[in-house]
Engineer: 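Quick one: structure below, then a few questions.
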Amino acid sequence: MVLSKDFLWGGATAANQAEGGVLEGGRKLSNVDLLPYGPDRKKVAAGDMEMLEWQEGYYYPAKEAIDMYYRYMDDIQLFAEMGFKVYRMSLSWSRIFPDGDDSEPNEEGLAFYEAIFKELKKYNIEPLVTIAHFDVPLHLIKEYGGWKNRILVDFYTRYAKTVINRYKGLVKYWLTINEINILLHQPFVGGGIVFEEWDNKQEIKYQAAHHQLVASALATKIAHEVDPENMVGCMLAGGSHYPYTCRPEDYQESINRDREGYFFIDVQARGKYPNYALKKFERENLTIQMEAEDKDILAASPVDFVTFSYYCSRTVSAHPSDYEEATGNLFPSIKNKHLASTEWGWQIDPLGLRNSLNQMYDRYQKPLFIVENGLGAFDVPNENGYVEDDYRINYLKKHIQALKDAVEIDGVELLGYTTWGCVDLVSASTGQMSKRYGFIYVDRDDEGNGTLERTKKKSFGWYKKVIASNGEEL
Ligand code: BGP
């Protein structure tokens, strides 16, 4: 058998894309509740269009999402039926600290997640909990400007301390901040940042990054103090960059672009700023305020394991305008003529997953965990309401084979694998429901119509077999 018998198979969701119930149980709004469906979503996500309240004429898919707030028991039962060993989920910050700067946490929010963890325990499913998955309480944005303000370190740390203490014994695996490098590409989503016209965007983004890195290290420290059994991970939006040609300057560009993301993980896994980043700040005249103690904070608490999402690889060139651009990607990328694309233009590259695993294992020498992977596709139920998603099975099969190769042939240490959106949910980038990833179909459309009823797809039974055979039967 290639994978160890305690390999963690499962699926992943995020609070804002699944729960809904955004004003239930004392919860208040956060940044992601304000991302509208439609063409303005990108501008809001980038912090280039202010949307700090629900506005007339827009539809906000997070409001109800897939109603998991009320249906989590049923969903967990389905995950258990597939044989999940782990379920990756996130906590909604504003369910626990509705304004973010409240002096006391909201008990109803804490109790809600406690009930989920107890339910998971019933089925022996290990929770893998993301403390902040694209989630900043709205009040912290309005009052303090989001993560660009150092004070967020205190609010986040208090929030982390509260949940780590409260769920001691129920949760062992923690991720501090989801896809931390998204901050550079979608600052409102990643950091609750809305720009003014005159802002030095680069400086603000890296300042916010510094705050998140310090906060993440402090949360790691807290988790280790509360329970030495706790395992804390960082989380990167992964996918390596290929040079379009073998021209040395294209290769150099691919290194530089990889570093944009690895910058964060270098700090979180190694406990210090890499020299190339310090040189960049100097060269680009970016003044990043750091407190005297920050160096020690970062050095004292590197993460225990490194996690990442993987959907596609990316291709770059020193002369990008010479080539056709790949569509649908947050990261500007050139179309790779050797790869097929999803219906959203993400380029499908299973070997790229193995390569990324190797690159990251070489770099960090820490256990890895693939916490998101999957195929976003339009699913069309047949006349019996059944989705025969062989395309999804095919995608996942190849990616699982690639991770097995990385373990078996290359010796990468891999703790587990959670597919993204194991139950259909709202797409982060587009707000669509029709961009589906799940093994479980949810009856809901892009405008919010539908019964929300859950139906197993063909991939449901397939993944169940994969897990039961520990990845031997694909
Ligand atoms: C990652 C996020 C997820 C998720 C996924 C798929 O960036 O961590 O929240 O949604 O990508 O992306 P999308 O929903 O845009 O297809």
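What you see is a predicted model; the values in this text were computed from it and never measured. Numbering of ligands and ligand atoms starts at 1, following listing order.
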Engineer: Salt bridge check: are Asp48 and Lys201 linked by an N-O gap of less than 4.0 Å?
Structural biologist: yes
Engineer: Give the residue and atom name of whichever protein heavy atom lies nearest to atom 15 (O) of ligand 1, and the separation in Å to one decimal.
Structural biologist: Ser429 OG, 2.4 Å
Engineer: Cation-pi check for Phe331 against Arg257: NZ or CZ below 6.0 Å from the six-membered ring centre and within 45 degrees of the axis, yes or no?
Structural biologist: no
Engineer: Given side chains that start at C-beta, do those of Leu128 and Thr307 come closer than 4.5 Å, heavy atoms only?
Structural biologist: no
Engineer: Considering residues at least two apart in sequence or located in another chain, which fulfil the side-chain hydrogen bond (donor to acceptor under 3.5 Å, both in side chains) criterion with His139?
Structural biologist: Asp101
Engineer: Which heavy atom of the protein is the closest neighbour of atom 5 (C) of ligand 1, given with residue, atom name and distance?
Structural biologist: Tyr311 OH, 3.2 Å
Engineer: Looking only at protein heavy atoms, which one is nearest to atom 7 (O) of ligand 1, and what is the separation?
Structural biologist: Glu179 OE1, 2.5 Å
Engineer: Going by an N to O cut-off under 4.0 Å, is there a salt bridge joining Lys457 and Asp379?
Structural biologist: yes
Engineer: Which atoms of ligand 1 are found less than 4.0 Å from any heavy atom of Lys435?
Structural biologist: 13 (P), 15 (O), 16 (O)
Engineer: For His133, state whether at least one heavy atom is located under 4.0 Å from any atom of ligand 1.
Structural biologist: yes
Engineer: Starting from atom 10 (O) of ligand 1, what is the nearest protein heavy atom, named by residue and atom, and what distance separates them?
Structural biologist: Gln17 NE2, 2.9 Å
Engineer: Nearest heavy atom to atom 4 (C) of ligand 1 wins, so pick from Tyr310, Trp420, Phe134.
Structural biologist: Trp420
Engineer: Counting heavy atoms only, which of Arg436, Gln432, Glu372 is nearest atom 3 (C) of ligand 1?
Structural biologist: Glu372
Engineer: Could you check, using the six-membered ring where one of them is a Trp, whether Trp93 and Phe155 have ring centers closer than 6.0 angstrom?
Structural biologist: no
Engineer: Hey, is Asn178 touching ligand 1 through its side chain, its backbone, both or neither, going by heavy atoms under 4.0 Å?
Structural biologist: side chain
Engineer: Just to confirm my output: which protein heavy-atom neighbour is closest to atom 14 (O) of ligand 1, and how far is it?
Structural biologist: Ala428 N, 2.7 Å
Engineer: With a cutoff of 4.0 Å, is Trp344 in contact with ligand 1, counting heavy atoms of the residue only?
Structural biologist: no
Engineer: Taking heavy atoms and a distance under 4.0 Å, where does Trp346 meet ligand 1: side chain, backbone, both or neither?
Structural biologist: side chain
Engineer: Give the residue, atom name and distance (to 0.1 Å) of the protein heavy atom nearest atom 16 (O) of ligand 1.
Structural biologist: Tyr437 OH, 2.6 Å
Engineer: Considering heavy atoms of the protein only, find what lies nearest to atom 13 (P) of ligand 1 and give residue, atom and distance to 0.1 Å.
Structural biologist: Ser427 OG, 3.5 Å
Engineer: If we only count heavy atoms from C-beta on, is the Val423 to Leu78 side-chain gap below 4.5 Å?
Structural biologist: no
Engineer: Side chains of His211 and Tyr156: any donor to acceptor distance under 3.5 Å?
Structural biologist: no
Engineer: Please determine whether a side-chain nitrogen of the Lys or Arg among Asp446 and Lys435 lies less than 4.0 Å from a carboxylate oxygen of the Asp or Glu.
Structural biologist: no
